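Before any comments, here is the structure.
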Amino acid sequence: MNLQIRCAEAADYDSTEAIMQQVHAMHVHWRPDIYKPAAPVYSKAYYDKLMCEKRLLVAELDGQVVGLLSFVYRHVESDKQVTRNILFVDDLAVKEAFRGRGIGSRLLAFARDKVQQEHLDGLELQVNAMNHAARKLYEKLGFTEKSINLELR
């Protein structure tokens, strides 16, 4: 597989937005009490910010954007916690037709390498409780539970 992971460029906007629409639709389906249809999911201004800050990666396969990963740096510091610098994955999405081919794993490997290169303390993400396929992937890659959010409806 000729997969390249790189920083997003302006020309990638439509492709990344289409992928985010697919993933957002899953969330709307699972939890319509929380999520509603949104167009766009990534506004052009938000996309440009991520792109300029080099916080949006794309997976390109044979010239086609088939996945993305966006992240934010989190600095955790308080009287009760160990000071830590974390790379937090905000979004990880793979085009539906390309899921199950290792693209998400490659994007996360790129993020893991970034954590090591920048001497950060960890890589974290959050997964929707209904997204069993994603959770299975994360656990396969060594992610473990840090906390569990509960709700009373």
Side-chain angles (χ1 to χ4, degrees), residues 1-77 84-143 146-147 149:
M1 181 166 51
N2 186 20
L3 186 72
Q4 177 189 3
I5 308 296
R6 60 172 174 77
C7 288
E9 300 170 352
D12 300 323
Y13 176 74
D14 290 339
S15 298
T16 57
E17 178 59 24
I19 294 167
M20 287 304 299
Q21 284 290 334
Q22 287 180 344
V23 171
H24 189 70
M26 290 188 323
H27 288 93
V28 171
H29 174 74
W30 290 327
R31 292 298 304 263
D33 58 318
I34 296 175
Y35 299 99
K36 61 183 180 179
V41 175
Y42 277 5
S43 70
K44 187 70 169 87
Y46 181 67
Y47 179 88
D48 289 345
K49 179 177 170 50
L50 287 174
M51 185 184 64
C52 289
E53 294 174 358
K54 300 196 181 305
R55 294 189 299 113
L56 180 60
L57 307 172
V58 296
E60 184 179 57
L61 180 62
D62 298 325
Q64 179 183 1
V65 174
V66 296
L68 65 94
L69 183 148
S70 70
F71 64 91
V72 56
Y73 293 101
R74 289 189 176 171
H75 177 77
V76 179
E77 184 173 356
R84 300 176 70 223
N85 291 302
I86 304 298
L87 189 148
F88 186 87
V89 175
D90 265 342
D91 291 305
L92 173 62
V94 175
K95 192 173 185 177
E96 189 173 18
F98 293 86
R99 293 180 192 150
R101 298 188 191 184
I103 295 165
S105 297
R106 291 276 302 274
L107 283 161
L108 285 167
F110 194 96
R112 196 171 47 246
D113 290 346
K114 193 167 195 52
V115 167
Q116 291 176 342
Q117 292 165 1
E118 297 184 18
H119 306 289
L120 301 174
D121 300 303
L123 175 62
E124 296 181 4
L125 53 79
Q126 187 173 350
V127 62
N128 186 302
M130 303 289 278
N131 197 340
H132 304 292
R135 183 169 180 164
K136 185 177 177 182
L137 168 67
Y138 302 145
E139 290 172 347
K140 177 182 160 191
L141 295 174
F143 284 84
K146 176 183 167 190
S147 64
N149 293 334

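Keep in mind the model is a prediction, meaning the values are calculated, not measured.
- Between the CG atom of Asp121 and the CG atom of Leu87 there is a distance of 11.5 Å, given to the nearest 0.5 Å.
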Inset, instruction - Evaluate the side-chain contact (heavy atoms from CB on, under 4.5 Å) criterion for residues Trp30 and Asn128: first the C-alpha distance (whole Å), next the side-chain angles of each, then the deciding distance (0.1 Å), finally the verdict. - result: CA-CA 9 Å; Trp30 290 327; Asn128 186 302; 4.0 Å; yes

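- Side chains of Val23 and Asp91 form no contact here, defined as non-hydrogen atoms less than 4.5 Å apart.
- Looking at every heavy atom in both residues, Pro32 comes nearest to His29 through CD-O, 3.6 Å.
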Inset, instruction - Tell me, with the steps shown, if Tyr138 and Val89 meet side-chain contact (heavy atoms from CB on, under 4.5 Å). - result: CA-CA 12 Å; Tyr138 302 145; Val89 175; over 6 Å; no

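- Using cut-offs of 30° and 60° on the angle between ring planes, the pair Tyr35 and His24 is perpendicular.
- Two residues are said to be in side-chain contact when any heavy atoms from C-beta on lie closer than 4.5 Å; Glu60 and Glu9 fail this criterion.
- When all heavy atoms of Arg6 and Val65 are compared, the closest pair comes out as NH2-CG2, 4.1 Å.
- If you take OG on Ser70 and NZ on Lys49, they are separated by 12.0 Å, rounding to the nearest 0.5 Å.
- From Leu57, atom CG reaches atom OG1 of Thr16 across 12.0 Å, with rounding to the nearest 0.5 Å.
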Inset, instruction - Would you please test Leu68 and Tyr42 for side-chain contact (heavy atoms from CB on, under 4.5 Å) and show each step? - result: CA-CA 12 Å; Leu68 65 94; Tyr42 277 5; 4.0 Å; yes

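- At least one side-chain heavy atom of Leu125 sits under 4.5 Å from a side-chain heavy atom of Leu108.
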Legend entry - Worked verdict on Gln126 versus Phe88 for side-chain contact (heavy atoms from CB on, under 4.5 Å): CA-CA 9 Å; Gln126 187 173 350; Phe88 186 87; 4.1 Å; yes

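- Tested against Leu123 for a side chain to side chain contact (heavy atoms under 4.5 Å, CB included), the candidates Val115, Leu141, Asp113 yield a single pass: Val115.
- Under 3.5 Å, the side chains of Tyr47 and Glu17 contain no donor-acceptor pair of N or O atoms.
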